[in-house]
Each structure stands twice: as structure tokens, then as C-alpha cells.
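Only this structure's heavy atoms are used, side chains among them; waters, hydrogens and symmetry mates stay out. This is a predicted model, so every value here is computed, not measured.
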Amino acid sequence: MKRLIKLYIFLFLIGISQSFVLGQDQKKDSKKDKGNSKEELLLKKVRAFVPSYKSDNEKDPYQLQALNHHKLWFFILDDKKSLHVLTFENDSLQKTSEFFEMGLFKIIDKYGMSCEDKTAQFNDLTLKPYYKFKNKAGKDFERLLYLEYGYVKKSFFRKVGNVLIFPFTFFLPKKNPYDKEIKKMQSIERNIKKKQNAYKSIVAPVI
């Protein structure tokens, strides 16, 4: 169980060597004409968040952004070519559906993610920082969870409301809180680097 995540990711990367998410299989000619497509811009916005974990595998490098929601964990797997969303189902790590992936990426595009300056241990992975959806982003994510998994910590009437409201949430006016979350994450990242540099100066041998 301890090595399940790393083993699954390794096998998964082999299996997707020719597969891409978010329109990465589009023809090269059309990409040249359009410049930066919506899919490419979305990829950049997701990748702007600091990874929670980086692999030490030089042949097949990858990194993860860990997203926590109550007791649930989701992992955005970035193999430098494409993004995929993984989660645990029935005690095994599995790829989520394209519907769920697109819904999650659209929430990130709209709101960003809230960076948690904490360390979390999940099986054999040490995650820092990790992320959460809060406020309106959290509500949209709960609706997405219910549509995909039937998971929600609300009453029956809230479940029904989630299903009815969710399709319209992406059409609401944006206040663009994404940039705000990016700035918060960058501030946390700078503080982490300062602490690391201070520690190195203390433990460095005196020459």
C-alpha cells in the first residue's frame, strides 16, 4: 500500500505516452494558426501553482499538485506533456473521468486554488504545500463531486440544488479571484525558500 501511488503513476505514465488531455491531440497546423488556444492558456494557469510533490525519476519526470477536500484527495499529475487528475477509488489510484477533469480545471481557471502552507503525508508521498477549494470555489467543487460521485455533505434538498445550479455556475460574472490565489501561493513559496536558505546558512560548515 505504501508504494501504491508511485507504482501506479509510473505505470500510468507508460500508458499515456501517446495520450493527451485538454485538446493536446489537436493537429499541429491548427495550433500554429490559432497561437495560444484556450486549452494551452488553461494548462498554463493550472501549472502556475507550485507542485506539492516532484519525482526523482530522471527518465520519466513528473510532478503532482495535491488537492484536499475533507477526507478526499485528488492529484493533478503533470508529466510535462499533459495534465491528468487522479484519485483513490476502492483502495486504488485511478484516473478520473474527462468530465470531472474539465470541471476541476474550469474551477481552477475561474477561482484558482487556496494554498495551504502545511505538510501532509499521504501513503508514501510527503506533500507541501497542498491545495483546497474554498468559498465559492468549494461550493462549485461540491456540486461537481455530487454529479460525478454522488458525494456531498449536505441535505437531500441541497443535493438537488447542486445538480440544478451547477451547469449555470460557469456563466456567472467573474471577479477573477484566480490572480489573488496565485499571489497568496507565491508569498507562501517565498517564505518557504527564506526558511530553507536560513537553515542552510546555519548548518553550512565554517570554512
Side-chain angles (χ1 to χ4, degrees), residues 1-13 16 21-22 42-89 91-97 100-135 137-138 140-142 144-145 148-149 151 177-197 199-200:
M1 185 67 177
K2 277 281 185 180
R3 298 293 176 184
L4 180 60
I5 294 181
K6 290 182 181 178
L7 176 61
Y8 177 85
I9 291 173
F10 176 73
L11 296 174
F12 182 80
L13 289 173
I16 63 167
V21 175
L22 295 175
L42 182 53
L43 282 169
K44 288 180 180 179
K45 293 189 79 170
V46 174
R47 284 173 170 158
F49 290 90
V50 174
S52 306
Y53 175 84
K54 289 185 178 181
S55 73
D56 52 6
N57 189 330
E58 296 181 359
K59 292 183 179 180
D60 295 299
Y62 67 87
Q63 59 189 33
L64 300 172
Q65 292 161 329
L67 178 65
N68 173 247
H69 183 78
H70 300 302
K71 294 182 179 181
L72 304 178
W73 283 93
F74 295 89
F75 302 94
I76 301 174
L77 171 63
D78 185 357
D79 63 355
K80 307 301 182 182
K81 300 174 185 176
S82 56
L83 301 180
H84 300 273
V85 180
L86 311 177
T87 190
F88 262 86
E89 291 185 59
D91 295 327
S92 64
L93 195 61
Q94 299 182 20
K95 181 180 178 295
T96 62
S97 68
F100 187 85
E101 282 184 343
M102 288 305 303
L104 187 145
F105 291 142
K106 284 183 178 180
I107 292 173
I108 294 176
D109 180 36
K110 185 175 180 180
Y111 300 106
M113 297 186 290
S114 296
C115 184
E116 298 289 318
D117 186 15
K118 300 175 184 177
T119 300
Q121 192 71 33
F122 189 84
N123 286 350
D124 56 336
L125 301 182
T126 301
L127 308 168
K128 184 175 182 178
Y130 60 92
Y131 298 91
K132 289 189 175 186
F133 286 133
K134 296 182 179 179
N135 303 322
D140 277 2
F141 189 59
E142 285 188 351
L144 180 62
L145 283 172
E148 181 70 11
Y149 299 107
Y151 173 88
Y178 170 88
D179 295 329
K180 184 178 179 181
E181 295 300 341
I182 284 287
K183 288 180 180 178
K184 285 183 183 178
M185 179 210 65
Q186 290 172 344
S187 176
I188 289 173
E189 184 186 15
R190 286 194 296 269
N191 290 336
I192 291 173
K193 288 182 178 179
K194 284 181 181 178
K195 291 177 182 177
Q196 289 174 338
N197 292 333
Y199 178 75
K200 288 178 182 178

Does Thr119 reach the main-chain N or O of Lys128 with its side chain, forming a donor-acceptor pair under 3.5 Å?
no

Can you see whether Tyr111 engages Asn135 through a side-chain donor-acceptor pair at a distance of less than 3.5 angstrom?
no

Quick one: does Tyr131's side chain get under 4.5 Å of Asn68's, heavy atoms only?
no

Treating Gln63 as the side-chain partner and Tyr53 as the backbone partner, does any N or O pair qualify as donor plus acceptor under 3.5 Å?
no

Interatomic spacing from CG in Leu144 to CE in Met102 - rounded to 0.5 Å:
11.5 Å

Validation row: Arg47, Leu83 side chains within 4.5 angstrom (heavy atoms)
yes

Could you walk me through whether Leu127 and Gln121 pass the side chain to side chain contact (heavy atoms under 4.5 Å, CB included) check?
CA-CA 6 Å; Leu127 308 168; Gln121 192 71 33; over 6 Å; no

Hey, are Glu148 and Thr96 close enough side-chain-wise for a donor-acceptor pair under 3.5 Å?
no

Please name all residues satisfying salt bridge (Lys or Arg N to Asp or Glu O under 4.0 Å) with Lys118, sequence neighbours left out, ordered by chain then number.
Glu116

Where Tyr62 and Leu77 come nearest, the two heavy atoms and their spacing
CD1-CD1, 3.6 Å

Taking all heavy atoms of Val46 and all of Gln65, pick out the closest pair and write down the distance.
O-NE2, 3.0 Å

How long is the gap from CG on Leu43 to CG on Asp109, to the nearest 0.5 Å?
11.0 Å

Side chains of Ile76 and Phe49: does their closest heavy-atom pair fall under 4.5 Å?
no

Answer yes or no: is there a donor N or O on one side and an acceptor on the other, between the side chain of Asp78 and the main chain of Lys80, under 3.5 Å?
yes

Please examine the side chains of Phe141 and Leu67, heavy atoms only from C-beta on, and report whether any two atoms are closer than 4.5 Å.
yes

Taking the side chain as everything from C-beta on, heavy atoms only, tell me whether Leu42 gets closer than 4.5 Å to Ile108.
no

Does some side-chain heavy atom of Tyr130 sit less than 4.5 Å from a side-chain heavy atom of Phe75?
no

With side chains defined as the heavy atoms from C-beta onward, is the minimum distance between Lys110 and Lys45 less than 4.5 Å?
no

Nearest non-hydrogen partners of Pro129 and Ser52, listed with the distance:
O-OG, 2.6 Å

Could you tell me how the ring of Tyr149 sits relative to the ring of Phe74: parallel (under 30°), tilted (30 to 60°) or perpendicular (over 60°)?
tilted

CD1/Ile107 to CE/Met113 distance, rounded to the nearest 0.5 angstrom?
11.0 Å

Between Thr87 and Gln94, does the side chain to side chain donor-acceptor pair (under 3.5 Å) criterion hold? Intermediate values first, please.
CA-CA 6 Å; Thr87 190; Gln94 299 182 20; over 6 Å; no

For the side chain of Glu101 and the backbone of Phe105, is there at least one donor-acceptor N/O pair under 3.5 Å apart?
no

